[in-house]
Amino acid sequence: MSAIRWVRPASKVSESDVVGVQKHFGVVLPKALRDCIVKYNGAGPQPDVFDTVGEKGKVFDSLLSFGKGDPKCVLESFETTREKLPPLTF
């Protein structure tokens, strides 16, 4: 498998942006995920197709953005889908 490159990131975000999202949801994300968000906010992987044990050719579009007003912003995405999510899911 080739190395993954992250391309087309959204706006720059800081640790304080991530903290704001954590406070909104009442969670603390693992440090490795927070670091990934700050470094690759909203970016997509290349290659974007991968195989799993049971299926081949799965597609991964992009990470959600933690920047307010960005396309695919995690807060806005949650608000538009919250009614479809099971309880305690964010």
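Worth saying up front: this structure is predicted, and the values here are computed from it rather than measured. As a basis for the values below, the full set of heavy atoms in this structure was taken, side chains included, without hydrogen atoms, waters or symmetry mates.
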Between the side chain of Thr52 and the main-chain N/O of Glu55, is any donor-acceptor distance below 3.5 Å? yes
Do you reckon Leu75 sits in the same ILVMFWY cluster as Val27, going by side-chain contacts under 4.5 Å, direct or chained? yes
Correct closest heavy-atom pair for Ala3 and Pro47 would be O-CD, 3.9 Å
Side-chain heavy atoms of Asp17 within contact of Ser14, under 4.5 Å: yes
So OG of Ser65 and CD of Glu76: to nearest 0.5 Å the spacing works out to 9.0 Å
Side-chain contact, heavy-atom cut-off 4.5 Å: Lys12 with Asn41? no
Taking it one step at a time, do Val74 and Val21 satisfy side-chain contact (heavy atoms from CB on, under 4.5 Å)? CA-CA 8 Å; Val74 66; Val21 172; 3.9 Å; yes
Between Val18 and Arg34 the two heavy atoms that sit nearest each other are CG1-CG, 3.8 Å
Quick test of your reading of the model: are Lys31 and Asp35 salt-bridged, counting only N-O distances below 4.0 Å? yes
Testing Cys36, Pro45, Pro9 for side chain to side chain contact (heavy atoms under 4.5 Å, CB included) with Leu63, which one passes? Cys36
pair Ile37-Val13: side-chain heavy atoms closer than 4.5 Å: yes
Rounded at 0.5 Å granularity, tell me how far OG in Ser77 sits from CZ in Arg82. 13.0 Å
Verify whether one side chain among Lys72 and Ser62 offers a donor that lies under 3.5 Å from an acceptor in the other. yes
Would you say Leu33 and Val28 are hydrophobically clustered, going by side-chain heavy atoms of ILVMFWY under 4.5 Å? no
Provide the closest heavy-atom pair for Ser11 versus Asp70 in the form atom of the first, atom of the second, distance. OG-OD2, 2.6 Å
Does the side chain of Leu29 reach to within under 4.5 Å of the side chain of Phe66, using non-hydrogen atoms? yes
Please find the pair of heavy atoms, one from Lys68 and one from Cys73, that lie closest to each other, and give the distance. CA-SG, 4.1 Å
List the steps and the verdict of side-chain contact (heavy atoms from CB on, under 4.5 Å) for Val38 and Glu15. CA-CA 7 Å; Val38 170; Glu15 181 72 24; 4.2 Å; yes
Which atoms form the tightest heavy-atom contact between Val49 and Gly57, and what is the distance? CG1-CA, 3.5 Å
Test: ring pair (Phe, Tyr, Trp, His ring centres under 6.0 Å). Region: residues 6-47. Which pairs qualify, not counting sequence neighbours? Trp6-Tyr40, Phe25-Phe78, Phe25-Phe90
Ile4 and Gln46, any side-chain heavy atoms less than 4.5 Å apart: no
